[in-house]
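Below: one structure, written as structure tokens.
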2 protein chains.
Amino acid sequence: MTSPPAVEQPVHRCGALLEYLARRLRLRSESVLAPLGLRPRHLVALTVLRARGGSTQQALASTLEMDGTNVVGLLNDLEAEKLIERRRSPEDRRRHIVELTEAGVERLASAECALAAVEDEVLGALGHDQRETLYGLLQQVATGGVEAACVEADTGGAGAAACDGVPLC
Amino acid sequence: MTSPPAVEQPVHRCGALLEYLARRLRLRSESVLAPLGLRPRHLVALTVLRARGGSTQQALASTLEMDGTNVVGLLNDLEAEKLIERRRSPEDRRRHIVELTEAGVERLASAECALAAVEDEVLGALGHDQRETLYGLLQQVATGGVEAACVEADTGGAGAAACDGVPLC
DNA sequence: AAGATGATTGGTGCTGAACCAATGATTAGT
DNA sequence: ACTAATCATTGGTTCAGCACCAATCATCTT
């Protein structure tokens, strides 16, 4: 669709590669994250929440592709450490709007700091520019896949919370 | 080291993104792979074996970063379907040299075919060229991390089995 | 008022994966 | 030749993630 010319496209499969690298990253991340009281999946959830600036639990479950009941547990963990807040949606008071707290933003930032060394180790074969390229591509894939959910989600009070990540550290 | 200029480098963290995408890919892959009698992890193992053209079980366990005993089980699965062969190393008869069979190469290829649709769905936001770029980067990260093990491994009978993937389909 | 929906809780079962101990085959050191 | 170390294998234990179900409460929709 996006490429009109009817050329032969020998697109390589990168599923196995992605899985392989994600595993390597995760194995190392777990030990680094443990002292912070977080697990890789918490990081993913926090990252999504930061990127969106708040989300419904359903929308979160949908983009995380997790079962709703398991998302509850995940959020319980995060709320117990006051990294997120659940507010009731003013429009539909059945819904919970999940948002990062200040502490959540900070914790996420320090977790990313702590993970810098891990990424340096795993992505060592890549130069600075290449890493940025990789980040851009991954970001594009990720946001491309959830843009629908994201449009739905920003009807909350946060107003025009755009779908982009704001890296600190 | 690789970047002499002492500029400020606001490298983005892509750990969470990688994990997120790997999960999405894996969830879909599982159902697609099931009819082929494979699981994502089998795919990863087969891919590594194809890239190397044979490997010691130890080397495989090391690059897969899996426990040795679990690799045994993984290989048992694959050998039961005659996708790999274990030969004893002529130099050290304690070692097993693991190699893809013809059937293994074919099965891997058809699995990749079956996964094409899945990747199209998940990586839909990327154009053809971008996907190739992504593939190149991931490949570079992956082979960069295991090049040491790869040099060790090619002392077997396969001769100069270079570390690159050969996509079919 | 009745039914559908969102979140929550508690419970069950499966699977992956790490880990440990023991064994047989083989190699290497003395 | 004897002993110690190494590789692969088997069997068993344990733990965590995750999907799934059922029930409950609050709320929205009709």
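Owing to the predicted nature of the structure, the values given are computational and were not obtained by experimental measurement. In what follows, chains are A, B, ... by sequence order, proteins preceding strands, each numbered from 1.
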Does the side chain of [X] get closer than 4.0 angstrom to OP1 or OP2 of [N] through an N or O atom?
| X | N | answer |
| --- | --- | --- |
| A:Arg86 | C:dT8 | yes |
| B:Asn76 | D:dA8 | no |
| B:Gln58 | D:dT6 | no |
| A:Arg94 | D:dC28 | no |
| B:Arg95 | D:dA8 | no |
| A:His96 | D:dA26 | no |

Test salt bridge (Lys or Arg N to Asp or Glu O under 4.0 Å) applied to B:Arg107 and B:Glu81, step by step: CA-CA 10 Å; B:Arg107 185 76 70 87; B:Glu81 302 221 358; 2.9 Å; yes
Smallest separation among heavy atoms of B:Cys14 and A:Leu123, with atom names: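 In terms of heavy atoms, the two residues are closest at SG-CD1, 3.8 Å.
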Touch class at under 4.0 angstrom, heavy-atom based, for B:Asp92 against every strand present: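 Sugar-phosphate, no base atom in range.
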Spacing of B:His42 atom NE2 relative to C:dG16 atom C1', expressed in whole Å: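 Checked: the NE2 to C1' distance equals 11 Å.
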For A:Glu30 and D:dG17, give me the distance from atom CD to atom C1', rounded to whole Å.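 Checked: the CD to C1' distance equals 11 Å.
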Residue of the set A:Arg24, A:Arg26, A:Arg23 for which side-chain hydrogen bond (donor to acceptor under 3.5 Å, both in side chains) holds with B:Glu65: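 Testing B:Glu65 for a side-chain hydrogen bond (donor to acceptor under 3.5 Å, both in side chains) against A:Arg24, A:Arg26, A:Arg23 leaves exactly one candidate, A:Arg24.
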Reading DNA chain C from 5' onward, which residue's closest nucleotide shows up sooner: B:Asn70 or A:Thr69?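 With B:Asn70 and A:Thr69 compared, the 5'-side residue is A:Thr69.
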Of the candidate nucleotides C:dA4, D:dA19, C:dA18, which contains the atom at the shortest distance from the side chain of B:Arg23?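 Minimum distance to the B:Arg23 side chain belongs to D:dA19.
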Does the A:Arg88 side chain pair with the main chain of A:Arg94, one donor and one acceptor, at a distance under 3.5 Å?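 Indeed, once roles are kept as given, a pair shorter than 3.5 Å links the two residues.
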